[in-house]
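Just the heavy atoms: all of them, side chains too, but no hydrogens, waters or symmetry mates, feed the values below.
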Amino acid sequence: INFSLLQKLTERSRLTVMGSYTRSEDEQFYWNDDPYRPGSVDKDESENYNFNVALGHTAKKWHSSIGAGWRRTRQLDNSDQVSDAFNVNGLLGRAIGAHTYWDFSLGATIDRPDDGDDSISYSLMTGVSGEASERTSYSALVGITMYDYNGYTDDTAYGPAYNISGAYRLSRKVTLSLAASSRYESEYAGYGASRHRYVFNHTLTAAVNFQWTDVFSSRVDVRGTFEQHEATDSTPDYDRTYIQVGASSYYKFNQFVTMYGRVSYSIDEYDADSSEKDNARVELGFSFRF
């Protein structure tokens, strides 16, 4: 379930509210080496909640935004583990050209597990945004992240932070887009979560959008995620690679109702034990605008 609210408050101010709820189930069968004993099935059931709100303002030579968000992951197995994350962020930009802004961004995220101390990450980035031409828009922020991790063993990590995106209108009907971002987070949430590790996450997304008619559009996208799972104790580090390819189409019945369909295929690979799994997904639904 997803919802979003985009409200124009004044000629220069806008409010954005977004939220989602997802419930997922995954079953994994394990063979038993003893031929006289049956295998076992592990069931991983979880709920995920997301809520974000942002306020943006644009003046003659300045633009700014401030936002906050909440994310919760709840395991529905015997552990009933709940992990929350809260984030705040702000951006301030000064015009340095007719279509160019110099931006500064500051953000903080608190990871709050069900059983343990809070971990906090801070990020400071700077860069430029604007329009390179009538067809090209971009935003490029780079900087540094500090992650104060509190698990069974505490640790403080530093790494690069970046949030880069761009769009190019190839024609009236076709638009290309590219986005890359990074973040630090704890490994509390999810099946097999550990209090010994934190994760450095890199995500790259490329997409092609087609506006066939005023009421019918499509999108093809490829998303790759690379996770570095860093251990704070003697256990080894490991990496995870996740690649997803998807295609979506949208048909707008009127200004209030849109039908959409999506198919996707993903590959999930862990280098720790050379394991790999794939997943195919089909979605069909409606979105409503009020």
Side-chain angles (χ1 to χ4, degrees), residues 2 4 6 8 12-16 18 20 50 52 54-67 69 87 89-107 109 121 123-145 159-185 200-212 216-228 241-250 260 262 264 266:
N2 298 274
S4 61
L6 308 176
K8 188 176 181 180
R12 297 182 179 272
S13 301
R14 64 194 182 279
L15 175 68
T16 303
M18 303 181 70
S20 67
N50 283 276
N52 294 277
L55 179 64
H57 180 77
T58 301
K60 187 175 182 180
K61 292 188 176 182
W62 296 88
H63 67 192
S64 61
S65 66
I66 185 170
N87 68 81
N89 58 81
L91 181 141
L92 180 64
R94 165 73 175 178
I96 58 175
H99 303 287
T100 306
Y101 285 87
W102 188 273
D103 296 329
F104 295 89
S105 173
L106 179 64
T109 300
S121 66
S123 65
L124 176 63
M125 295 185 290
T126 185
V128 292
S129 64
E131 298 177 354
S133 67
E134 292 183 355
R135 295 189 174 191
T136 307
S137 60
Y138 65 92
S139 175
L141 292 169
V142 295
I144 188 172
T145 289
Y162 55 90
N163 195 334
I164 302 170
S165 63
Y168 177 71
R169 185 165 54 86
L170 193 63
S171 67
R172 190 174 63 86
K173 294 184 177 182
V174 182
T175 302
L176 311 178
S177 63
L178 188 68
S181 62
S182 67
R183 72 176 187 270
Y184 270 107
E185 60 185 357
F200 190 21
N201 182 297
H202 313 261
T203 300
L204 177 65
T205 305
V208 184
N209 294 277
F210 303 90
Q211 189 67 47
W212 305 111
F216 183 59
S217 61
S218 300
R219 172 184 171 94
V220 178
D221 55 82
V222 179
R223 179 166 63 95
T225 299
F226 179 68
E227 293 179 351
Q228 297 171 282
T241 303
Y242 179 84
I243 300 174
Q244 183 184 71
V245 180
S248 311
S249 287
Y250 307 85
Y260 67 88
R262 177 174 174 81
S264 63
S266 62

Review point. Side chain to side chain contact (heavy atoms under 4.5 Å, CB included) between E185 and N201: does it pass, once the steps are laid out?
Key: CA-CA 8 Å; E185 60 185 357; N201 182 297; 4.2 Å; yes
Practice item. Would you name the heavy atoms of F200 and P160 that are closest together and state the gap between them? Key: CZ-O, 3.3 Å
Exercise for review: Provide the closest heavy-atom pair for T145 versus A161 in the form atom of the first, atom of the second, distance.
Suggested key: OG1-CB, 3.1 Å
Revision key, fill the gap. Nearest heavy-atom contact between W62 and R94 is NE1-NH1, 3.2 Å
Point to revise | Derivation and outcome, side chain to side chain contact (heavy atoms under 4.5 Å, CB included), residues L204 and V222 | key: CA-CA 8 Å; L204 177 65; V222 179; over 6 Å; no
Study note, to complete from the structure: Heavy atoms of F210 and V220 approach each other most closely as CE1-CG2, 4.3 Å
Review point. Is the side chain of R12 donor-acceptor paired with the backbone N or O of T58 at a distance under 3.5 Å, no angle test?
Key: yes
Exercise for review: Assess whether side chain to side chain contact (heavy atoms under 4.5 Å, CB included) is satisfied between T203 and R223, documenting all intermediate values.
Suggested key: CA-CA 7 Å; T203 300; R223 179 166 63 95; 4.0 Å; yes
Check: residues 124-136 side-chain donor-acceptor pairs under 3.5 Å, at least two apart:
from	atom 1	to	atom 2	distance (Å)
T126	OG1	W102	NE1	3.1
T126	OG1	D103	O	2.9
S129	OG	D103	OD2	2.6
S133	OG	R135	N	3.3
S133	OG	T136	N	3.3
S133	OG	T136	OG1	3.3
R135	NH1	L170	O	3.1

Exercise for review: May I ask you to decide if the ring planes of Y162 and H202 are parallel, tilted or perpendicular, using 30° and 60° as cut-offs?
Suggested key: parallel
Check your understanding: What is the distance from atom OG of S121 to atom CZ of R183, rounded to the nearest 0.5 Å?
Key -> 10.0 Å
Exercise for review: Indicate yes or no: at least one non-hydrogen side-chain atom of T100 is less than 4.5 angstrom from one of Y138.
Suggested key: yes
**Study point:** Nearest-0.5 Å distance that lies between atom CG in N163 and atom OG in S182
**Key:** 8.0 Å
Study note, to complete from the structure: Looking only at heavy atoms, the pair that brings S20 and N2 closest together is CB-OD1, 3.1 Å
Point to revise | Stepwise side chain to side chain contact (heavy atoms under 4.5 Å, CB included) check, S248 with Y260 | key: CA-CA 7 Å; S248 311; Y260 67 88; over 6 Å; no
Review point. Can you tell me how far the OG1 atom of T225 sits from the CD atom of Q244, to the nearest 0.5 Å?
Key: 8.5 Å
Study note, to complete from the structure: Closest heavy-atom pair, S13 versus H57, reported as atoms and distance to 0.1 Å, is OG-ND1, 2.8 Å
Study note, to complete from the structure: The reported gap from OG in S218 to NZ in K173 (rounded to nearest 0.5 angstrom) is 11.5 Å
Point to revise | Passing candidate, side-chain contact (heavy atoms from CB on, under 4.5 Å) with L91, options L141, L106, I66 | key: L141
